[in-house]
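Read the numbers this way: they start at 1 and go in the same order the structure lists the ligands and their atoms. Any value given below was found using the heavy atoms of this structure, including those in side chains, with hydrogens, waters and symmetry copies removed. Fair warning: this is a prediction, and the values are worked out from it, not measured in the lab.
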Amino acid sequence: MGAMRALVFQKPGRIAWQEVPDPVVGDPADAIVRVDAVTICGTDLHILKGDVPDVTAGRILGHEAVGTVVETAGGVRTVRPGDRVLVSCISACGRCRFCRESRYGQCRGGGGWILGHTVDGTQAEYVRVPFADLSVHPLPDSIDSADAVLLADIFPTAYEVGVLNGAVRPADTVVVVGAGPIGLAAIVTAGFYSPGRVIAVDLAESRLAAARSLGADATVNAGEEPEQLVADLTDGLGADVVMEAVGVPEAFEMCTRMVRPGGRVANIGVHGKPATLHLEDLWIKDVTITTGLVDTSSTPLLLRMMAAGRLPSSSLITHRFELGQMEEAYDVFGRVEETGALKVVLGGA
Ligand SMILES: [Zn+2]
Ligand SMILES: [Zn+2]
């Protein structure tokens, strides 16, 4: 058995790019994938801080990758060695009630968000992918590996949990609170439905500039009365759809104040603290609030959009590294205020 390098979680605050044994196939549905391009997610930073107690010492992190299949176990039917594939952040058993409804994120058969969480993940030279038939997507040659890695998590998350749950319709006023990678992907994919106006809210001017370049019609700094701007632009009514893409109580509560009567608040943010639900204001407003974990059921559609050149994912990639520069990439991604990082991609050149 050989050895490879991988990014290993050691304890809160400590990770290391170190030598570990190569992954081996165990279950008949497994595939081994050589990682060609990989990224770091905001969720990985939560893990690093110790916010995700299911992640234990010794776990290889990462749940987003593009790679090449090098080995498949006997039960794998849809991919074979040599195939270039997108490794989805969600694994799917394909058999449980939720998988049969395409709600893979809620899989009860051993799938769901497991990579870099309850099994070893993608921030490594090789990764074992369980349930390979339903958990990887073969990539056409026309799609670049570094671009495609953004379809492992952030684009399906923004599209399913933000745009689809928010039920964006033509002519809607859509507010996206938080213009990080997820919020920016929500702005891009809201465009599939021709909203009348998209307004982005963030504290960082660099992110508001990125929002404008990706299609936001108006941007407002979170410190400069965004609620007043939304009210002014909607004759005092509020927005049709408001998406929360931050994950802090203040942002969620702001979203519930910006939505119009009968409108929708779609929460995408990963929350670590309770937020107050102001039912004293909301009970009379017919407001729908949605939450969700991505299912990645939209990944085939998003791949077709990318192949058609309609998904400007590369403009979200601000920093590129070699795979072996994992610790440096974590450092850059972890200091966004100074580095202005959106997505960092390792490999894929
Ligand atoms: Zn993620
Ligand atoms: Zn399942």
message: Side chains of Glu71 and Tyr126: any donor to acceptor distance under 3.5 Å?
response: no
Where the Zn ion (ligand 2) is the vertex, angle from Cys96 SG to Cys99 SG to 10°: 110°
message: Report whether any nitrogen, oxygen or sulfur of Asp153 sits less than 2.8 Å from the Zn ion (ligand 1) (N, O or S, backbone or side chain).
response: yes
- prompt: Under 30°, 30 to 60°, or over 60°: which ring-plane class applies to Trp113 and His63, parallel, tilted or perpendicular?
  reply: perpendicular
query: Ser135 side chain to Ala92 main-chain N or O, any donor-acceptor pair under 3.5 Å?
result: yes
query: Angle at the Zn ion (ligand 2) between SG of Cys107 and SG of Cys93, to 10°?
result: 100°
query: Is the Zn ion (ligand 1) under 2.8 Å from any N, O or S atom of His63?
result: yes
Side-chain donor-acceptor pair present, Thr291, Asn267, cut-off under 3.5 Å: no
